[in-house]
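Model, not experiment: these values are computed from the prediction.
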Amino acid sequence: MKKIIVLFFVLVVLSGCAKVNEYDAKTLADIGTIGFNGKGKVTVSRNESDVQNIIKEIEKKNGTNKALRIAMVLQQLDFEVVSSKQESLSNGDSVKIKATYPETDAKNEKIKFTNTEFTYAVSDLRDAIVIDLFADIELEYKGISPNAEVTVSNHSKDLFVRNLDYHCSPYNELRIGDKVVVTVEANREEAEREGYILPDVLTKEYTVDGIDEYLLDFNDLDAATKEKMKKLGSDLLESSLDGVFSAPRHDLGMIDYPITINTPELYKIYFNTIKQSIRGDLSNDIFYVYKITAIVPGKSEPKIGYMAVLFPDAIKRKDGSVSLDISKGDIYYSCISKDWDKAYESVAASKASTYDIHEITP
């Protein structure tokens, strides 16, 4: 009976002396900082990599079941900053960090944590970076004034700035001299976490410039081009009037036979430019209006009519040169009339609400 009691006592003592797994909580904390010096914050979490390494070692020594039970405790280890001052930290400040864990489970698995409360001295906060959000921004235009469009290209090498979104207002139907406001979508709190101070104003105004525009001054066309336009227009009309049964001759009442139609004579030039208030997919127009004279034998008065040739898309390039493809010139069939007022209406008066009309005497 005495042997049995002694044996029982030995078993109890041995059981009570089972090995305790002791871990330094401080070494399992992953501590970092966000923000900048003067407005920093400490972040702390469980170092998952170190925890996994511990669990792997236990599994090698004590088997999977033991490792799983230990893991249930270690993976519930958590940390929090418990100091009264947790934000707007500067280098040199200290914060108190506390570890928490499931104490009952830890006791059952013979796990003991040390350094469950400790202080951390802040030392790695960088000075705030005051950034110019528009330093590496480029406005890129496509199209022709007053129908140009703009987009923003961000060439910043700074990762934070490069990931910001920019947008323009207005972004289309732009003409040279218009104002475009670029706005950056940036969150101040997020910027501070990354160590940046944003400017008070997140917009910048730009003036549209350095793009092609539809010609605004007829005098920018050189004399040689104007002469070519004059000849091409005359040739087009002369060809269209060739033949007794041509439609233009019929519209002009010049189907008498025999009849002689003189070479079309340049009568007026109308240079129509889009009004400043008008937006839309329009271009400036140049109308060469010709006087058509037909001589009918036996009649003292000639027959008179008017026809026009339209030259579209005269463009002044951003380098100052003028581009006009005169081969696009074509008869403007809305202007074939025996009456000058009707001809004028078709090339000028009817367009006055959209265009500024410039009458030029050849």
Side-chain angles (χ1 to χ4, degrees), residues 214-275 278 280 282-316 322-362:
Y214 287 114
L215 193 67
L216 295 175
D217 188 347
F218 188 72
N219 290 324
D220 285 339
L221 279 173
D222 61 86
T225 299
K226 294 175 184 177
E227 192 60 33
K228 289 178 182 178
M229 294 165 68
K230 177 181 176 180
K231 185 177 185 310
L232 177 62
S234 177
D235 290 346
L236 286 171
L237 298 182
E238 195 168 26
S239 177
S240 74
L241 293 167
D242 187 29
V244 176
F245 300 106
S246 75
R249 282 182 64 163
H250 183 275
D251 293 341
L252 293 173
M254 297 180 180
I255 57 175
D256 305 75
Y257 187 82
I259 190 172
T260 301
I261 299 179
N262 296 338
T263 300
E265 173 191 359
L266 183 59
Y267 183 65
K268 294 285 186 183
I269 298 172
Y270 288 95
F271 179 47
N272 300 344
T273 58
I274 306 166
K275 288 181 179 291
I278 299 298
L282 299 169
S283 65
N284 296 343
D285 293 330
I286 303 173
F287 290 99
Y288 271 44
V289 184
Y290 293 80
K291 185 177 183 179
I292 312 298
T293 303
I295 306 300
V296 180
K299 294 187 178 181
S300 59
E301 294 293 328
K303 290 190 173 185
I304 303 296
Y306 302 92
M307 295 180 68
V309 172
L310 168 62
F311 293 94
D313 300 339
I315 300 169
K316 188 171 185 179
V322 175
S323 171
L324 174 61
D325 184 358
I326 65 173
S327 67
K328 290 183 179 180
D330 201 1
I331 297 171
Y332 189 64
Y333 285 98
S334 296
C335 180
I336 302 177
S337 177
K338 295 178 283 186
D339 182 74
W340 168 245
D341 289 340
K342 290 183 179 178
Y344 175 78
E345 173 72 20
S346 65
V347 298
S350 64
K351 302 178 183 298
S353 62
T354 303
Y355 294 86
D356 290 324
I357 311 300
H358 309 277
E359 182 177 287
I360 301 164
T361 301

* Apply the test side-chain contact (heavy atoms from CB on, under 4.5 Å) to residues Val289 and Trp340: give CA-CA distance (whole Å), side-chain angles for both, the deciding distance (0.1 Å), then the verdict. => CA-CA 10 Å; Val289 184; Trp340 168 245; 3.8 Å; yes
Between [X] and [Y], is there a donor-acceptor pair closer than 3.5 Å when you use the side chain of the first and the backbone of the second?
X: Lys303; Y: Val296; answer: no
X: Ser337; Y: Tyr306; answer: no
X: Asp330; Y: Leu310; answer: no
X: Ser346; Y: Ala343; answer: yes

* Residue list, ring-ring contact (aromatic ring centres under 6.0 Å, His included) with Tyr344, at least two apart or on another chain ->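 Applying ring-ring contact (aromatic ring centres under 6.0 Å, His included) to Tyr344 gives Tyr270.
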Working to the nearest 0.5 Å, report the span between [atom1] of [X] and [atom2] of [Y].
X: Asp339; Y: Leu252; atom1: CG; atom2: CG; answer: 11.5 Å
X: Tyr214; Y: Asn272; atom1: OH; atom2: CG; answer: 14.5 Å
X: Ile336; Y: Ile331; atom1: CD1; atom2: CD1; answer: 6.5 Å
X: Asn284; Y: His358; atom1: CG; atom2: NE2; answer: 8.0 Å
X: His250; Y: Ile255; atom1: NE2; atom2: CD1; answer: 5.0 Å
X: Asp356; Y: Thr273; atom1: CG; atom2: OG1; answer: 4.5 Å

For [X] and [Y], work out which heavy atoms get closest and say how close.
X: Asp313; Y: Ser283; value: OD1-OG, 3.1 Å
X: Tyr288; Y: Met229; value: CE1-CE, 3.6 Å
X: Gly329; Y: Val309; value: C-CG1, 4.2 Å
X: Pro302; Y: Ile295; value: CB-CD1, 3.6 Å
X: Pro264; Y: Leu237; value: CG-CB, 3.9 Å
X: Ile274; Y: Tyr355; value: N-CD2, 3.7 Å

* Indicate whether any N or O donor in one side chain lies under 3.5 Å from an N or O acceptor in the other, for Thr293 and Asn262. =>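 No, Asn262 and Thr293 have no side-chain donor paired with an acceptor closer than 3.5 Å.
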* Verify side-chain contact (heavy atoms from CB on, under 4.5 Å) between Lys268 and Val347, making sure each step is shown before the conclusion. => CA-CA 11 Å; Lys268 294 285 186 183; Val347 298; over 6 Å; no
* side-chain contact (heavy atoms from CB on, under 4.5 Å), paired with Met254, selected from Thr260, Leu241, Ile292 ->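 The passing option is Ile292.
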* Leu215 vs Phe271, side-chain contact (heavy atoms from CB on, under 4.5 Å): CA-CA, chis, key distance, verdict -> CA-CA 10 Å; Leu215 193 67; Phe271 179 47; 4.1 Å; yes
* Asked: With a 4.5 Å limit on heavy-atom distance, are the side chains of Leu232 and Phe311 in contact?
  ->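 A side-chain contact under 4.5 Å exists here.
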* **Contact list for residues 217-236, test side chain to side chain donor-acceptor pair (under 3.5 Å), sequence neighbours left out** =>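 Checked against side chain to side chain donor-acceptor pair (under 3.5 Å) - neighbours excluded - the pairs reaching residues 217-236 are Asp220-Lys316, Asp222-Thr225, Lys231-Asp235.
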